[in-house]
Student: 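Sharing a structure below in structure tokens format, with a few things to ask.
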Protein chains: 2
Amino acid sequence: MQTLEPRVSEQRSGSLPRRSFQRAGEGERRAALINATLELIAEAGPEAATVRAIAARADVTPGLIRHYFATKEDLIAVAHEALMTGLTEAAAARLDQLPDDPIARLAGFVAASVSPPVTDPRAMALWAAAMQTVPRDKAMRAAHEATYLAFRDRLQDLIAAALRSAGRPADPRTTRALAIAGNALLDGLWIEAAALPDHFSDIDLPRLALSAFSRLLDLPLED
Amino acid sequence: MQTLEPRVSEQRSGSLPRRSFQRAGEGERRAALINATLELIAEAGPEAATVRAIAARADVTPGLIRHYFATKEDLIAVAHEALMTGLTEAAAARLDQLPDDPIARLAGFVAASVSPPVTDPRAMALWAAAMQTVPRDKAMRAAHEATYLAFRDRLQDLIAAALRSAGRPADPRTTRALAIAGNALLDGLWIEAAALPDHFSDIDLPRLALSAFSRLLDLPLED
DNA sequence: GCCGAATTTATACGATCGTATAATTAGGGG
DNA sequence: CCCCTAATTATACGATCGTATAAATTCGGC
């Protein structure tokens with residue numbers, strides 16, 4: 001397939017006029033390169049995120065990458081970290097918009113976790129690409145563990161508050177197990193829905209997730 | 001990093017004696033190449049599964065691959081299909097060893113789904129590599145959907161049988177939703193345990209899964 | 001025991017990749 | 001307004017990748 005890909009000349013056509021450019025601050029350029037990297041990985045897989053493609057997407061020449069990142073591996077790791085923290089922060093922001101009632105808060109969080117924009121094939125592809133390297137890459141594993149625990153701990157807090165508001169015991173051992181299971185449930189639903197959007201298009205995923213959580217906690221979350 | 005990798009000469013040192021070889025049947029050689037491909041992807045990611053590396057692992061020269069597979073993409077797709085059906089068949093074989101009592105069967109299936117050898121970082125890496133291409137590759141998506149539904153339908157049958165044996169209603173709509181949620185729960189636990197083996201080493205995952213399933217079905221599965 | 005078809009090896013090619021380095025340009029401080 | 005530093009482009013290099021094709025070897029059928 002390699003030889004059949006469209007030939008893209010790396011040389012400029014005529015000769016002289018150098019490409020004009022504007023200077024940008026370090027943070028801005030790094031962010032643009034990270035965005036370009038994530039977009040490419042999401043759209044066409046990690047193998048499509050070549051130095052040249054990333055530079056082109058960021059509207060920059062390839063050499064500049066080396067000016068901001070020592071190596072391509074370095075850029076990939078930084079991009080992954082940005083993705084993870086971005087998702088976590090998005091979840092945190094959503095949490096702030098939820099009501100005060102603990103049960104409604106938990107229900108809202110659960111429903112949001114299996115609804116757009118979280119259930120997005122692009123995000124799933126990025127996540128899968130990252131997971132694939134987690135067993136082999138120490139930095140990736142650390143980043144994954146941190147974000148996984150951040151999400152799970154938040155879920156555990158919501159579960160504990162909901163149980164207490166219903167006058168139910170909420171000892172740490174039990175709520176931790178429930179958070180692990182609940183997190184796994186949301187992960188699995190998210191993954192499958194993103195992987196097979198057509199198959200899940202006629203399924204009310206938030207309702208299904210809320211029903212399952214209600215059974216898991218023996219606490220009615222559906223309205 | 002590329003320039004620092006150990007230089008591996010592709011030429012033979014002296015000159016003359018051609019490498020001797022033994023002929024093998026088509027099925028045997030294809031299986032060897034598929035195994036080599038899966039091993040490499042699991043160990044070092046898809047980018048390590050080059051034609052040359054696959055051939056070396058299968059103790060064969062690179063050219064032979066083209067004799068059995070039209071293209072590398074073809075080999076990858078066939079290897080992925082072999083992986084998926086292999087996992088499904090392994091699960092089916094395990095199912096046959098379970099007892100006759102429907103509740104015990106369900107419990108055994110659930111516990112086995114989050115125990116070795118299913119929870120294996122190698123398998124997870126392979127699965128993640130496959131998932132990553134599912135949104136973009138039609139053949140991959142079809143293969144994934146088939147194996148996903150095969151597993152889920154089996155789980156739904158087990159759930160329905162267990163519910164009925166307890167004198168509980170088991171209409172298709174309910175059991176299907178329970179199977180979707182249960183499948184997601186098992187998927188999520190499997191993934192996280194494989195991704196963070198150290199973090200889950202002190203957690204009794206089968207017990208946690210059985211507890212969660214018991215709550216989900218309101219049916220005691222633990223012994 | 002040899003002959004022929006199929007398997008397997010050997011070699012080569014063009015493309016692309018990541019990286020290195022030098023040349024140039026932009027834009028702010030004096 | 002000019003210069004000086006840093007940002008950016010341009011070009012080149014070696015390595016490796018997937019693929020193509022020809023030569024050689026194996027081994028079962030006669």
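Quick note on labels: first sequence line is chain A, next is B, and so on, each numbered from 1. In what follows, every heavy atom counts, from backbone to side chain, and hydrogens, waters and symmetry copies are set aside.
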Student: I want to check something: taking the side chain as every heavy atom from C-beta on, are B:Leu158 and B:Leu95 in contact at a cut-off of under 4.5 Å?
Tutor: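 Touching, per the 4.5 Å side-chain cut-off.
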Student: Generate the contact string for nucleotides 25-30 of chain C. Rules: B means base contact, S means sugar-phosphate contact only, - means no protein heavy atom under 4.0 Å.
Tutor: BBS---
Student: Remember a base hit wins even if backbone is also touched, and classify A:Phe69 as base, sugar-phosphate or nothing at under 4.0 Å, heavy atoms.
Tutor: nothing
Student: Please report, rounded to the nearest Å, how far the P atom of D:dA20 is from the NZ atom of B:Lys72.
Tutor: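 It is 15 Å, rounded to the nearest whole Å.
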Student: If you measure from OG1 on B:Thr37 to CG on B:Leu83, what distance do you get to the nearest 0.5 Å?
Tutor: 11.5 Å
Student: Just verifying a value: how many Å separate B:Arg105 CZ and B:Asp100 CG, rounded to the nearest 0.5 Å?
Tutor: 7.0 Å
Student: Does A:Thr50 put a side-chain nitrogen or oxygen below 4.0 Å from OP1 or OP2 of C:dT16?
Tutor: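 Checking C:dT16 against A:Thr50, no side-chain N or O comes under 4.0 Å of OP1 or OP2.
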Student: D:dC17 C1' sits how many Å from B:Leu75 CG, rounded?
Tutor: 15 Å
Student: Give the ring-plane orientation class for A:Phe200 versus B:Tyr148, where under 30° counts as parallel, over 60° as perpendicular and anything between as tilted.
Tutor: tilted
Student: What is the distance from CZ of B:Arg30 to P of C:dT8, rounded to the nearest Å?
Tutor: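 Checked: the CZ to P distance equals 13 Å.
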Student: Does OP1 or OP2 of D:dT8 have a side-chain N or O of A:Tyr68 closer than 4.0 Å?
Tutor: yes
Student: Between the side chains of A:Arg19 and A:Asp59, is the shortest nitrogen-to-carboxylate-oxygen separation below 4.0 Å, so that they form an ion pair?
Tutor: yes
Student: Show which side-chain atoms of residues 22-36 of chain B pair as donor or acceptor with protein atoms under 3.5 Å away, not counting sequence neighbours.
Tutor:
unit_1: B:Arg30; atom_1: NH1; unit_2: B:Tyr68; atom_2: O; d: 2.9

Student: Rounding to 10°, can you tell me the angle the first-five-pair axis of the helix from C:dG1-D:dC30 to C:dG30-D:dC1 makes with its last-five-pair axis?
Tutor: 0°
Student: Name all residues meeting the side chain to side chain donor-acceptor pair (under 3.5 Å) criterion together with A:Glu81; count only those two or more places apart in sequence or in a different chain, and write none if there are none.
Tutor: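 For A:Glu81 there are no side chain to side chain donor-acceptor pair (under 3.5 Å) partners, ignoring immediate neighbours.
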Student: Short of 4.0 Å, heavy atom to strand atom, which residues of residues 54-67 of chain B count as contacting DNA chain C?
Tutor: B:Val60, B:Thr61, B:Gly63, B:Leu64, B:His67
Student: Can you give each donor-acceptor pair under 3.5 Å made by side-chain atoms of residues 40-48 of chain B, sequence neighbours left out, with the distance rounded to 0.1 Å?
Tutor:
unit_1: B:Glu43; atom_1: OE1; unit_2: B:Arg57; atom_2: NH2; d: 3.1
unit_1: B:Glu43; atom_1: OE2; unit_2: B:Arg57; atom_2: NH1; d: 3.1

Student: Does B:Arg141 reach the main-chain N or O of B:Val134 with its side chain, forming a donor-acceptor pair under 3.5 Å?
Tutor: yes
Student: Could you state the atom-to-atom distance from CD of A:Glu26 to P of D:dT5 in whole Å?
Tutor: 19 Å
Student: Please state how far atom CZ in B:Arg29 lies from atom P in C:dA6, giving the value in whole angstrom units.
Tutor: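 Interatomic distance, CZ of B:Arg29 to P of C:dA6: 17 Å.
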Student: Does A:Phe109 have its ring centroid less than 6.0 Å away from the ring centroid of A:Phe213?
Tutor: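 So the answer is no for these two rings.
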Student: Does OP1 or OP2 of C:dT19 have a side-chain N or O of A:Thr71 closer than 4.0 Å?
Tutor: yes
Student: Working to the nearest 0.5 angstrom, can you tell me the gap between A:Asn183 CG and A:Arg176 CZ?
Tutor: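 The distance works out to 12.5 Å.
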Student: In this structure, how many angstroms lie between the C1' atom of C:dC13 and the CZ atom of B:Arg52, rounded?
Tutor: 11 Å
